There are 2 protein chains.
Amino acid sequence: MARPREFDPDTAITAAMHLFWDHGYEDASLACLLEAMKITKGSFYKAFADKKSIYLKTLDYYDDKVIGRTVRNLMDTDQGSGADRILALFEAVAASARTDGDRSGCFLCNALIDRAAHDAEIEERLQAMVFRLENGFRAALEDRPHRPDPEWVRATARGVLSSYFGLRVLGKAGLSKTMADDCVAQVRRLIDPKI
Amino acid sequence: MARPREFDPDTAITAAMHLFWDHGYEDASLACLLEAMKITKGSFYKAFADKKSIYLKTLDYYDDKVIGRTVRNLMDTDQGSGADRILALFEAVAASARTDGDRSGCFLCNALIDRAAHDAEIEERLQAMVFRLENGFRAALEDRPHRPDPEWVRATARGVLSSYFGLRVLGKAGLSKTMADDCVAQVRRLIDPKI
DNA sequence: AGAGTTTGGAACCGATTGGTACAAAACACA
DNA sequence: TGTGTTTTGTACCAATCGGTTCCAAACTCT
């Protein structure tokens, strides 16, 4: 019926996501965005209404792909005990923060600091992601031989959640190896059902 | 000798700090800055070289005043036990996050996410602040009847540090009362020397 | 009062911001 | 081979970005 588009929307959104991820909303200019997505202005505004719209789409993409995978791993009973799954996540975060290459951190965490307080529509999406992550931790904590106290699960999940974001923030400060290890060790203490 | 300046540099820097604090670097335009500081362009560029220079000054100001006071409180043996001082800090943070008025969070945390990865000069200052905060927690944790294991102090201080930043990030998501309480309760568990 | 020095404010700067208008190009269908 | 429809690239837009220049105003000192 008509001329087909020459770019793949999915790869374009991925590129946009990574730009927002490590530059934030304001600092990612339209020019940078177009260069990263390898499309021109016409195509951009035809496919995605404006800058904020594509920002929301990259948040949805992150929610679906990254948060989704993380939560799935936390809930996957094939990957060791619940405690193992939580610690594996933290080890991975600590490792990626240690390697001085990747300083981009967690898009959810960055976006919370960057825009949650200034845009209700964005805040809504971010809150939903935080909630999904919290539930992932809950599920992992519930997965024990002797079913733990629900209140312990709720409170501990939230402690683990805040440790997760804290580690992400510390990663931005340039984490030393011992710092990362210590943070993971504290999570290990938190999720120990004996204490 | 010459015409005296009509504005107070200290109150101007305070105003600039609060603007950077809840808008970040890029989103705080020069026009907003001038309006908040209640000075005009001429005075601004005469007194502070450029935008980045005053950003660095606001960081120093925050370090000196806010971080300084926080660390002093953590080390002040007149304000209860070390554990009490740590919990008082977390209670205050949780309370300010609960009241839906204040969404600005912690300037250090915001700046870490906003600029640490993109500017070495800024990163350096932020790392120093993180280190001061860590030492504050260490001092508070050391202040116990039976002097605790230094390794326990170091590792726990870092766990508390990451919980602090985590709570700040969660505050941006709009904290429920139980969420805040749970996070503080987890810190209480972490700093318990028995576990 | 006059000289010397610094501030304050406005005019101005080129570059960049996010966004629009529009015509040419590229396809599917008849 | 047209015809209709969509994409693409370019030219263009006003507004804003951070920053400079310059001079009158405001002060201290002699």
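Remember, predicted model here, so these are calculated numbers, not experimental data. Within every chain, numbering begins at 1; the chains are lettered A, B, ... in the order of the sequence lines, protein sequences first and strands thereafter.
In this structure, the CD1 atom of A:I54 is 15 Å from the C1' atom of C:dG19, given to the nearest Å. A:M37 has its CE atom 11 Å from the P atom of D:dT8, to the nearest Å. At whole-Å resolution of the value, CG in B:L30 and C1' in D:dT16 are 11 Å apart. Protein atom OH of B:Y45 is 20 Å distant from nucleotide atom C1' of D:dC23, rounded to whole Å. Across the protein-nucleic acid pair, A:E6 atom CD and C:dA24 atom C1' stand 13 Å apart, rounded to whole Å. Between B:F7 atom CZ and C:dG9 atom P the separation is 10 Å, expressed in whole Å. Taking atom CZ on B:F48 and atom C1' on C:dT7, their separation rounds to 13 Å, with Å as the unit. Regarding A:L19, its CG atom lies at a distance of 11 Å from the P atom of C:dG18, rounded to whole Å.
Ring pair A:W21/A:F107 is parallel by interplanar angle, where below 30° counts as parallel and above 60° as perpendicular. Ring orientation note: the planes of B:Y55 and B:F20 are nearly perpendicular, at an angle over 60° on the 30°/60° scale.
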A:F137/A:E134 under side chain to side chain contact (heavy atoms under 4.5 Å, CB included): CA gap, chis, key distance, verdict: CA-CA 5 Å; A:F137 287 129; A:E134 183 189 340; 5.7 Å; no
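Using a 4.0 Å cut-off, no side-chain N or O of A:S43 falls inside it from OP1 or OP2 of D:dT7. The side chain of B:K41 places no N or O atom within less than 4.0 Å of a non-bridging phosphate oxygen (OP1 or OP2) of C:dG9. Residue A:S29 places at least one side-chain N or O closer than 4.0 Å to OP1 or OP2 of C:dT17.
Residue A:R3 has its side chain nearest to C:dA25 when only C:dG8, C:dA25, C:dG19 are considered. The side chain of B:K46 approaches C:dT7 more closely than any other nucleotide in the set C:dT7, D:dC27, D:dG9.
Between the side chains of A:S53 and A:D50, at least one donor N or O sits under 3.5 Å from an acceptor N or O.
Residue contacts shown for A:T40 include a base, since a base heavy atom lies under 4.0 Å away. As judged by a 4.0 angstrom heavy-atom cut-off over every strand, A:F44 is placed among residues making no nucleic acid contact.
Test A:R125, A:K57, A:R132 against A:D63 for salt bridge (Lys or Arg N to Asp or Glu O under 4.0 Å) and you get one pass: A:R132.
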